[in-house]
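These numbers come from the heavy atoms of this one structure, side chains and all, not from hydrogens, waters or symmetry mates. Bear in mind that the values here come from a model prediction, so they are computed numbers and not experimental data.
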Amino acid sequence: MATTTTRPTTPAPAVTARRPSLAVRLLGDTHALGCRLPQLLVGLSLYGASMGLMLRSGLGLDPWDVFHQGLQRTAGLSVGAWVTICGALVLLLWIPLRQRPGLGTVANVLMIGAAMDLTLRVTGTPGPLPARIALMVGAIVLNGLATGLYIGARFGPGPRDGLMTGLHRRTGRSLRLIRTGIELTVLAAGVLLGGTAGVGTVAYALAIGPLAQIFLPWCTVPSPAETPRKG
């Protein structure tokens, strides 16, 4: 009776996962870059402009800008410079949280403060109260649009939003609780340093969420998986 011998099977070579390239880590994906890059730049520029206009209204700032203005009044430099410095320092807090910045994160740090300072140089504070109220309202709406534009470009969150999501992931606490805690902390510190809080601060807190929710669906560039295929 013939015997059959079984040959030992050679194990398949292990497949090692390739590390994403620097371009993929910064850009997320390269789909529709010709649309997404200009949208990111416009969104960040308008975001900084809206912050400058809100400061010019003199009716109160969003919590982070109360803090930035307080630093400016205490330590000098421009408000926009403190926006940039604080953005870079917050970005360092991403390291222990193991957050990865994208192109939008880096551009956020570099552009918003500069756009704010430029706006402050070319605009003045309107005198009559109705004009200041109109400027405040317009600045908040513009900020909502700018938020939709830069987030909708899909290049990663800003440093402050990334801090919020990183803490949420590491602690398991709700995003609402973490965001409220961060913003109340910087608001209190800003007021103590001499920053301007007022009706604009309250109006911003109440309006920015709904405004971003309105603009974001209009401004979001679809990902490849969401883009319908032709034919």
Determine whether [X] and [Y] make a side-chain contact, defined as any pair of heavy atoms from C-beta on separated by less than 4.5 Å.
{"X": "Pro126", "Y": "Leu135", "value": "yes"}
{"X": "Asn108", "Y": "Asp161", "value": "no"}
{"X": "Leu53", "Y": "Thr123", "value": "yes"}
{"X": "Cys219", "Y": "Gln39", "value": "yes"}
{"X": "Ser57", "Y": "Ile133", "value": "no"}
{"X": "Phe67", "Y": "Thr185", "value": "no"}
{"X": "Met111", "Y": "Leu41", "value": "yes"}
{"X": "Thr201", "Y": "Thr196", "value": "no"}

Under 4.5 Å between side-chain heavy atoms, counting indirect links through other Ile/Leu/Val/Met/Phe/Trp/Tyr residues: same cluster for [X] and [Y] or not?
{"X": "Ile151", "Y": "Leu175", "answer": "no"}
{"X": "Leu71", "Y": "Leu55", "answer": "no"}
{"X": "Leu163", "Y": "Val106", "answer": "no"}
{"X": "Val122", "Y": "Met54", "answer": "no"}
{"X": "Leu110", "Y": "Leu89", "answer": "no"}

Please give me the minimum heavy-atom distance between [X] and [Y], naming the atom from each residue.
{"X": "Gly43", "Y": "Ala146", "value": "O-CB, 3.3 Å"}
{"X": "Leu216", "Y": "Gly152", "value": "CD1-N, 3.8 Å"}
{"X": "Ile112", "Y": "Tyr47", "value": "CD1-CD2, 3.7 Å"}
{"X": "Gly87", "Y": "Pro159", "value": "O-CB, 3.6 Å"}
{"X": "Arg173", "Y": "Leu177", "value": "CD-CD2, 4.2 Å"}
{"X": "Thr84", "Y": "Gly113", "value": "OG1-CA, 3.9 Å"}

Is the backbone N or O of [Y] less than 3.5 Å from a side-chain atom of [X], with the two atoms forming a donor-acceptor pair by type?
{"X": "Arg36", "Y": "Ala153", "value": "yes"}
{"X": "Arg154", "Y": "Val221", "value": "yes"}
{"X": "Asp62", "Y": "Asp65", "value": "yes"}
{"X": "Gln72", "Y": "Ser78", "value": "no"}
{"X": "His68", "Y": "Val83", "value": "no"}
{"X": "Ser50", "Y": "Ile140", "value": "no"}

Just verifying a value: how many Å separate [X] [atom1] and [Y] [atom2], rounded to the nearest 0.5 Å?
{"X": "Arg56", "Y": "Met51", "atom1": "CZ", "atom2": "CE", "value": "13.5 Å"}
{"X": "Thr180", "Y": "Met164", "atom1": "OG1", "atom2": "CE", "value": "10.0 Å"}
{"X": "Arg132", "Y": "Leu59", "atom1": "CZ", "atom2": "CG", "value": "4.5 Å"}
{"X": "Phe215", "Y": "Thr147", "atom1": "CZ", "atom2": "OG1", "value": "9.5 Å"}
{"X": "Thr171", "Y": "Leu97", "atom1": "OG1", "atom2": "CG", "value": "9.0 Å"}
{"X": "Leu149", "Y": "Leu40", "atom1": "CG", "atom2": "CG", "value": "9.5 Å"}

Under 6.0 Å from the CZ atom of Arg73, do we count more than 12 heavy atoms belonging to anything else shown? yes

Is it true that the NZ or CZ of Arg160 lies under 6.0 Å from the centre of Trp64's six-membered ring and within 45 degrees of the ring axis?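 Output yes; distance and angle both within limits.
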
Take Asn143 and Tyr204 through the test side-chain hydrogen bond (donor to acceptor under 3.5 Å, both in side chains) and record every step on the way to the result. CA-CA 9 Å; Asn143 191 275; Tyr204 183 92; 3.1 Å; yes

After noting the C-alpha distance and the side-chain angles of Met116 and Thr119, does the key distance pass the side-chain contact (heavy atoms from CB on, under 4.5 Å) rule? CA-CA 5 Å; Met116 182 180 188; Thr119 303; 5.8 Å; no

With Leu61 as reference, evaluate Leu187, Val66, Val79 under the side-chain contact (heavy atoms from CB on, under 4.5 Å) test and give the passing residue.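 By the side-chain contact (heavy atoms from CB on, under 4.5 Å) criterion, Leu61 pairs with just one of Leu187, Val66, Val79: Val66.
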
Return yes if a side-chain donor-acceptor contact under 3.5 Å exists between Gln99 and Thr165, otherwise no.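 Note: Gln99 and Thr165 side chains meet the donor-acceptor criterion.
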
